[in-house]
Amino acid sequence: MKATCWMGKGSVEVRDVPEPQILNQRDAIVRVTSTAICGSDLHLLNGVIPTMKKGDVLGHEFMGEVMEVGRGVKDLKVGDRVVVPFTIACGECWQCRHDNWSLCENSNPNAVLPEKMMGHAASGAFGYSHLTGGYAGGQAEFVRVPFADVGPLKIENGFSDEQVLFLSDILPTGYMGAEMCDIQRGDTVAVWGCGPVGLFAIKSAYLLGAERVIAIDRFEYRLQMAREKCGAETVNYSEVDSVTDTLIEMTAGRGPDSCIDAVGLEAHGHGLEYLYDKTKQMLMLESDRPIALRQAILACRNGGTISIIGVYGGLVDKFPLGTIMNRSLTIKSGQCHVHRYMRPLLARIEKGEIDPTMVITHRMPLADAPKGYDIFLNKEDNCEKVVLTTA
Amino acid sequence: MLHVTKSVTVLRPREDVYRFWRDLENLPGFMQHLESVKTTGDARSHWVAKAPAGATVEWDAQITEDRTNELISWRSLEGSDIQNHGSVRFSDAPGDRGTEVHVELQYDAPAGNVGATVAKLFGEEPAQQVRDDLRRFKQVIETGEVVRSEGSLEGAGQGLFKQRPAQAAAVETRR
């Protein structure tokens, strides 16, 4: 079958690889109909997430048709149309039973690696390095889905692929980012990053009752999407001296009540701070560049909440812990507990409260995945979201 | 001499966890270095462990203490390739957290070739091996089987990222 493979830092290729097989009784094999390239895939492309191996199949946003089921899968059958959450969860452990699906205690067979780096392991995930289990991803014609009786959401009501595909990751991730802000009446929420997750976070913040949402990015076309499709006010950080001062001024000195980091470990910026982080990351003295996060922490109102949904991999420098402590800030974060949000968000799509297709700017066949990665990485042609389809 | 203590918490009632472990023939299902355990008498069993290069190490063991739902201890018998003893203790985890499983193992490797084989059996990180075994135990008792991925670890000391051989489970397909 054809699959999008990581071939080294900066290189992806669509290659012929063996078809997946049922390895556990609760597996299913899904024929992928639509899949997408995620901003977090770019972190893999850029080589800032460790433990990738040449030939690894990428992709964690996908949906399709069930082709095979293992003996232990009772509630899915061949022919079912499903969207698959990017995190893999067993449904049986203490964390799954407490609705914390991305912390599943059983789905990462390589847990020893993150345990050594992070103290404990989180769940497995598709196509996202050997730290998250070494599972083959879904930017492919077929994919093996473990715990198929727990994760995949059956789609029955005539939705198009594009309407429901993003239930696999970016829509729930953006929504959880807003939900973690515990938005109260009158709140202003600031969102760093107007990629697809950022846009969904903006939209979700309004759905959850935000009075104002202020979006921060440097690409005018993305800020325009945030304004026109999501109703945000915007700040182009490359045009202001200080994002923090700008936000504080926009909120009459209070600062945003909560701040969402939808950027993560490869943040850009300008001036000495950006140069400092970029250099330290290149020299491997710092694994992550937390520029957006530092701004979010400094801007946030006293007693406010910082919600981190952008991906971080390891260690950061110059983390303003003192301001967190002295100003009673709360930090909430996590890989999205996708399983928790799929059904409620499908209901919101059905009611027309949110149209996930608003983020799509590029559609192409799976075979063109390397081109998709290239234009998404370089923000060419006003690229916001690339969807790949199989014939 | 090799002494390891490790523990894990599993979300199952203490009776179920005890009962699963008390059937010693279940152990090779999650203990990677074990090839087989056969119950040979009321409290006796024959153990075969896999060593590198196809070699095996064998011993007979006797359960020395068996307190239902609480504790199982065992000890190898005279004439074994390797003298060893161990215990597993089961206790209620706080709140709704299930059962704590505390394992203690001690191996006295003999001198000479057998000793060298035993040393290889456990590699450089015996504690990590036991930790990995307990992780698989948790997977088996909570989800029904050892969880596999296309790129799982084979175990400490055997190289990262080695692909597991595909072992097909029973499949229903119309493809």
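In what follows, chains carry the letters A, B, and so on, assigned in the order in which the sequence lines appear, proteins first and then strands, with residues in each chain numbered from 1. All figures in this text were calculated on a predicted structure; none of them were measured in a lab.
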Visitor: Counting only heavy atoms from other residues, nucleotides and ligands, does the tally under 6.0 Å from NZ of A:Lys9 exceed 12?
Guide: no
Visitor: State the OG-CG distance between B:Ser149 and A:Asn108, to the nearest 0.5 angstrom.
Guide: 8.0 Å
Visitor: Evaluate A:Val112 against B:Arg131 for side chain to side chain contact (heavy atoms under 4.5 Å, CB included), listing each step before the verdict.
Guide: CA-CA 9 Å; A:Val112 56; B:Arg131 171 85 186 100; over 6 Å; no
Visitor: Among residues 115-123 of chain A, which residues come closer than 4.5 Å to chain B, judged by heavy atom distances?
Guide: A:Glu115, A:Lys116
Visitor: Using ring pair (Phe, Tyr, Trp, His ring centres under 6.0 Å) as the criterion, list what pairs up with A:Tyr341, not counting sequence neighbours.
Guide: A:Tyr175
Visitor: Could you tell me which portion of A:Arg97 (side chain, backbone, both or neither) has an atom closer than 4.5 angstrom to a non-hydrogen atom of chain B?
Guide: side chain
Visitor: Give me each pair satisfying salt bridge (Lys or Arg N to Asp or Glu O under 4.0 Å) with a member in residues 91-102 of chain B, each pair once, sequence neighbours excluded.
Guide: B:Arg14-B:Asp92
Visitor: With a 3.5 Å distance limit and no angle check, can you tell me whether A:Asn24 reaches the backbone of B:Glu145 through a side-chain donor-acceptor pair?
Guide: no
Visitor: Out of the candidates B:Gln139, B:Lys138, B:Glu142, only one should pair with A:Asn106 under the side chain to side chain donor-acceptor pair (under 3.5 Å) rule; please name it.
Guide: B:Glu142
Visitor: Do A:Cys93 and B:Leu11 pass the side chain to side chain contact (heavy atoms under 4.5 Å, CB included) test, and can you show the C-alpha distance, the side-chain angles, and the key distance before you say yes or no?
Guide: CA-CA 6 Å; A:Cys93 67; B:Leu11 190 60; 5.7 Å; no
Visitor: The criterion is ring pair (Phe, Tyr, Trp, His ring centres under 6.0 Å); which residues satisfy it with A:Trp94, sequence neighbours excluded?
Guide: A:His98
Visitor: With rounding to the nearest 0.5 angstrom, report the CG to CD distance, A:Asp56 to B:Glu150.
Guide: 10.0 Å
Visitor: For A:Pro109 and B:Val147, work out which heavy atoms get closest and say how close.
Guide: CB-O, 3.6 Å
